[in-house]
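One structure is given here, and the rest of the page talks about it.
A quick note: this is a predicted structure, and the numbers were derived from the prediction, not measured.
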Amino acid sequence: MANIYDYEKKQDYAQMSDWADIALQHNPDDQEARQKKAEATRLLSEKKVKEEQYKSIIQRAQKSLEEKQWQDALSQSDAALNLMPNSKEADRIHQIARKQIDSQAQIEKYLTRADMFLAQKSYKEALEELKKVQSFDSENKDAQERILQIEQIQEVHDQQIAELIRQYQEAEDSKDFDAAIATCNELIDTDTPNQRKWTEKVERLKTAKVEFAKEEEKWQTIKRKIDSALFMENWAEVVSLGKEALRIREDENLRLNIRRAEEKLAVLQAEENYKQGIYEVKDFIVDKKWDEARELLSDLQARYPDHKGEMKLLFKQIFDAETAFDKQYAKKDSLFQGNEPDEDNDFDSQTRQSEDDFFGNEKNISPAPKSKPQMASPATPNSEDDFFDMDVSPSRHKTETSRVVRSTSDDFNF
């Protein structure tokens, strides 16, 4: 009887029945043995029925699992486990089906989120949700179809954004602020992941538009002044205003006008420098500094070859003035020595003529008489001393430097 109870606990009803038969062979009237025999027979019969049921159920569960009918597989595996709680196959199917069902719930969640992002044209976020779906089911057809759809839409969308950005940059470069702002507003609606970026650009463009209007007004004011300066040939003002305008805006025509004005200024400055040099030459002549006059005139001749004719005349005037000056002293020396002047050399007439050639006087001067000349008074208007400012006194000639008679602009009116 101990073996009967042991096999009963082990649910080995065949052994339980066999040991009950053995017990009845030893004692046919043993009621307990008879009772265990009947119970073992009943349990053995029930076990066979359960085994047949389990076999049928587990087969259906396996088929559902293969067909990825997760809910059916879960139900069948649960039924199999009710029949045979220790069935490893039923438990395996149950675990796989439960995991797939949970995954399917997550997949549906991710697909729903992907559709939401698609509606918002947030394609990047939609793709991220679909990748989560594929982490649960790499062959999920819904995810694959949506990914293909996004790729096609995104290609067209990216082209649209690229075209809008090109239009925006073109408008901004050409200072068409209204068009640039309108394009940015389109980008706010189209390029949704960068809405903040385009919103900030709209505000910046509005500020730039106001600043540009101020600069444009200033530019037009300066431009009018430049046009007026060009008309008046005020080259210095053209250069000054032009450089100020270029700090506002680059303009090739304006740069050309500045270069022309600078060239004009250079020509005027060169002419001014030449005139100043001529004034200095004439001052040297008046001061009877013949060598300095010739040296400076030679330098001017090298630097300003276009004025060769005028400088040639000045060289002649230097020669004539120096010759007249030397003759004057020669005559005065002869007077003090009691010698008669050479009648063939009419010094007074030639000297006066030389002075008139230098200063450009047009009045006619009567030649001096050929008799012995009287010493001219310093107050005589046409005295030669008006040009040379020299005293006939030998002592003054030897001790004093002749006074300088400064020229005026009329004196050099050639």
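Residues Ser77 and Ala90 share a closest heavy-atom pair of CB-O, 3.4 Å. Minimum interatomic distance between Gly242 and Ile258 (heavy atoms only, all atoms of both residues): C-CD1, 3.4 Å. Tyr168 and Ala180 get closest at one heavy-atom pair: CD1-O, 3.9 Å.
One finds a salt bridge joining Arg92 and Glu89 here, because a Lys/Arg side-chain nitrogen approaches an Asp/Glu carboxylate oxygen to under 4.0 Å. Note on Glu250 versus Arg255: salt bridge recorded, some NZ/NE/NH1/NH2 to OD/OE distance being below 4.0 Å. Glu145 and Lys141 are not joined by a salt bridge, as no carboxylate oxygen comes within less than 4.0 angstrom of a charged side-chain nitrogen. Using a 4.0 Å cut-off between charged nitrogen and carboxylate oxygen, Arg259 and Glu252 count as a salt-bridge pair. With respect to Glu215 and Lys175, no salt bridge is recorded, no charged nitrogen being found less than 4.0 Å from a carboxylate O. A salt bridge is defined here as a Lys NZ or Arg NE, NH1 or NH2 lying under 4.0 Å from an Asp or Glu carboxylate O, and Arg113 with Glu128 fails to meet this definition. Using a cut-off of 4.0 Å between Lys/Arg side-chain N and Asp/Glu carboxylate O, Asp291 and Arg294 are scored as salt-bridged.
For Asp91 (side chain) and Ser87 (main-chain N/O), no donor-acceptor pair under 3.5 Å exists by modelled atom type. Side chain of Asn194 to main chain of Lys197: no donor-acceptor pair is present (N/O by atom type, distance under 3.5 Å, no hydrogens or angles). Remark: side-chain polar atoms of Ser135 are paired, donor with acceptor, to backbone N or O of Lys132 under 3.5 angstrom.
Under the side chain to side chain contact (heavy atoms under 4.5 Å, CB included) rule, Tyr274 has a single partner from Arg303, Glu310, Gln269, which is Glu310.
Every pair passing side chain to side chain donor-acceptor pair (under 3.5 Å) that includes a residue from residues 176-185 is listed here, sequence neighbours excluded: Asp178-Lys209.
The 12-atom threshold is not exceeded at NZ of Lys289, counting heavy atoms of other residues, nucleotides or ligands nearer than 6.0 Å.
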